[in-house]
Q: 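My structure is below; once you've seen it, I'll send some questions.
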Amino acid sequence: MTTVSLSRKRRTDARSRRRPAHRRRELALQILCIAPPILLLVVLIGYPLVQTLFLSVSKSTLINPEPVFVGFQNFVTIFSTSQFWSVLVNSVVWTIVITIGQTVLGMLAALILNRGFIGRTALRALVVIPWVMPGVIAGVLWKLLYDPSLGPIDQVLSFVGLGNGTNFLGEPSTALIAVMVVAVWKGFPLSAVMYTAAYQNVPEELREAARLDGAGPWRIFTSVVLPSMAPTIRSTVLLTTAWTFNYFDLTYVMTQGGPGDSTEIFPTAIYRIAFQDVDYGLSSAYGVISVAILSIFTVLYLRQLKKSGALG
């Protein structure tokens, strides 16, 4: 073997020895980078989730706070009561109606805000106010507006012959509708902002081509604008659905789930059972069911992100 061949072989052997060490350093650096967020997720999400799962199969009371394992008894109790089915129906109606209302109202607002008129910038700023307003403040404000004695809503309805001292939040037949109206009012600005941005990203060339083909405004909107906005619409609807299903502060401030259980949804039921009835096992079982339902929306949202390329 020549001197040159020996030299090349030594260099090759040296590089081969360095590669495992280099890979180990890269792996150690990667672990060091991802360790803090993983630890944070374990502390903030993993531990509470495991604790909730444990409590959901145990029983504890104010007198006997030490959890006692009872298996799936809490879930059997939940599914055998009419209250759970009332909470489930209220949650489904609440989520569907508010999501549709926010989507429709947000789309109308986006179409209006994309038109050129005097004061458009000021109107865009005003539209966002309900969304940035804290839920507690919005709940107290609308509770005063709905007041049958002092609120202006009933006075206006009485003036036009549609109301006569109606307690919208105190009647089981109107309480859920009244709170849903407020939730739509408070949440539609987010949809409006998202749809406004998506509308502005629709290529003008497509709209112009449709006009040249003789399409009217409605045909342009349904055949050109909506398909171009579809990814944003799907993502926004899925996010709105998950957030609405998990809404707590507005409902609790306005009705606390009442009257009766007419406005009781999963978050208010979990809070009431845990902190008023002091039954952490039953409330944790409600929480597990709620998380299971929310996981469906999470999977759909992640699939939508993957389809749009946001997850790489």
Side-chain angles (χ1 to χ4, degrees), residues 48-49 51-62 67 70-102 135-136 138-139 142-143 146 167-184 186-187 237-301:
L49 183 59
Q51 182 71 4
T52 301
L53 290 173
F54 170 73
L55 290 174
S56 69
V57 293
S58 64
K59 184 72 175 177
S60 62
T61 62
L62 181 62
V70 294
F72 294 102
Q73 185 59 45
N74 289 323
F75 294 94
V76 173
T77 301
I78 288 175
F79 292 130
S80 61
T81 60
S82 59
Q83 182 187 39
F84 167 75
W85 300 107
S86 177
V87 170
L88 181 61
V89 170
N90 286 344
S91 298
V92 170
V93 172
W94 163 271
T95 303
I96 292 175
V97 172
I98 292 175
T99 300
I100 293 175
Q102 291 184 4
V136 174
W142 278 88
K143 196 171 183 179
Y146 277 131
N167 187 359
F168 292 100
L169 298 178
E171 296 291 337
S173 59
T174 58
L176 185 61
I177 298 174
V179 181
M180 287 192 298
V181 168
V182 181
V184 171
K186 189 179 185 314
V237 167
L238 288 172
L239 278 177
T240 302
T241 302
W243 290 339
T244 302
F245 187 87
N246 214 25
Y247 219 151
F248 171 76
D249 51 0
L250 191 65
T251 308
Y252 188 79
V253 168
M254 295 186 69
T255 64
Q256 295 186 7
D261 56 2
S262 59
T263 61
E264 193 88 284
I265 56 179
F266 272 98
T268 57
I270 293 170
Y271 179 86
R272 178 182 54 78
I273 295 171
F275 298 106
Q276 294 180 9
D277 300 344
V278 197
D279 191 337
Y280 299 122
L282 202 63
S283 67
S284 297
Y286 264 96
V288 170
I289 297 171
S290 177
V291 169
I293 297 173
L294 283 172
S295 298
I296 299 173
F297 303 123
T298 303
V299 171
L300 292 175
Y301 180 65

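Just so it is clear, the model here is predicted, and its values are computed rather than measured.
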Q: Can you give me the closest heavy-atom contact between Ser56 and Ser284, atom names plus distance?
A: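 Heavy atoms of Ser56 and Ser284 come nearest at N-CB, 3.6 Å.
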Q: Excluding sequence neighbours, so at least two apart, what forms salt bridge (Lys or Arg N to Asp or Glu O under 4.0 Å) with Lys59?
A: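 Lys59 satisfies salt bridge (Lys or Arg N to Asp or Glu O under 4.0 Å) with Asp279 once adjacent residues are dropped.
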Q: Under 4.5 Å between any side-chain heavy atoms of Lys186 and Tyr247, yes or no?
A: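 They are in side-chain contact.
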Q: Using modelled atom types and a 3.5 Å cut-off, is there a donor and acceptor pairing between side-chain atoms of Thr268 and backbone atoms of Ile265?
A: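 Yes; at least one donor-acceptor contact below 3.5 Å.
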Q: Indicate the atoms forming the closest heavy-atom contact of Glu171 with Pro259, along with that distance.
A: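 Minimum heavy-atom separation between Glu171 and Pro259: C-CG, 3.8 Å.
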Q: Within this structure, what is the OG1-CG distance for the pair Thr251 and Leu176, rounded to the nearest 0.5 Å?
A: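 Reported to 0.5 Å precision, the distance equals 8.5 Å.
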Q: Quick one: does Thr95's side chain have a donor or acceptor within less than 3.5 Å of a partner on Val92's backbone?
A: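 No.
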Q: So, does Thr244 use its side chain to make a donor-acceptor pair with the main chain of Thr241 at under 3.5 Å?
A: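 Absent.
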Q: Kindly determine whether Leu88 and Ile293 satisfy side chain to side chain contact (heavy atoms under 4.5 Å, CB included), including the steps that lead there.
A: CA-CA 10 Å; Leu88 181 61; Ile293 297 173; 4.2 Å; yes
Q: Kindly give the heavy-atom pair with the smallest separation between Leu282 and Asn74, and that separation in Å.
A: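 Heavy atoms only, the tightest pair is CD1-O, 3.7 Å.
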Q: For Ala183 and Ile98, which heavy atoms make the closest approach, and how far apart are they?
A: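 Shortest heavy-atom separation between Ala183 and Ile98 comes out as CB-CD1, 3.4 Å.
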Q: Hey, does the side chain of Ser86 reach the backbone of Ser82 with a donor-acceptor pair shorter than 3.5 angstrom?
A: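 Not at all, since once roles are kept as given, no pair shorter than 3.5 Å links the two residues.
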Q: Which pairs of donor and acceptor atoms, one on a side chain in residues 269-278, lie under 3.5 Å apart (sequence neighbours left out)?
A:
{"residue": "Arg272", "atom": "NE", "partner": "Glu264", "partner atom": "OE2", "Å": "2.7"}
{"residue": "Arg272", "atom": "NH1", "partner": "Asp277", "partner atom": "OD2", "Å": "3.2"}
{"residue": "Arg272", "atom": "NH2", "partner": "Glu264", "partner atom": "OE2", "Å": "3.2"}

Q: For the pair Phe84 and Phe79, name the ring-plane relationship: parallel under 30°, tilted 30 to 60°, perpendicular over 60°.
A: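 Phe84 vs Phe79 ring planes: perpendicular.
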Q: Testing the basics here: between Ala175 and Gly258, what is the closest heavy-atom pair and its distance to 0.1 Å?
A: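 So the two residues come closest at CB-O, 4.2 Å.
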Q: If you look at every heavy atom in Val87 and Phe266, which pair is closest and at what distance?
A: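 In terms of heavy atoms, the two residues are closest at CG1-N, 3.6 Å.
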Q: Please name the residue in the list Val179, Thr174, Leu169 that meets the side chain to side chain contact (heavy atoms under 4.5 Å, CB included) test with Tyr146.
A: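 Exactly one candidate clears the test, Leu169.
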Q: To the nearest 0.5 Å, tell me how far Leu250 CG sits from Lys143 NZ.
A: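 Output value for this atom pair is 11.5 Å.
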Q: Is the side chain of Ser290 donor-acceptor paired with the backbone N or O of Tyr286 at a distance under 3.5 Å, no angle test?
A: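 Not at all, since once roles are kept as given, no pair shorter than 3.5 Å links the two residues.
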Q: Is any side-chain heavy atom of Asn90 less than 4.5 Å from a side-chain heavy atom of Ser262?
A: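 The answer is no, as the side chains (C-beta and beyond) never meet within the 4.5 Å cut-off.
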Q: Take the angle between the ring planes of Phe75 and Phe72 and call it parallel below 30°, perpendicular above 60°, tilted in between.
A: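 Judged by the thresholds at 30° and 60°, the geometry between Phe75 and Phe72 is tilted.
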Q: Using 0.5 Å steps for rounding, measure from the OG1 atom of Thr99 to the CH2 atom of Trp94.
A: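 Here the interatomic distance stands at 10.5 Å.
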Q: Is there a donor-acceptor pair under 3.5 Å between the side chain of Asp261 and the backbone N or O of Gln83?
A: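 Looks like no, no N/O pair under 3.5 Å.
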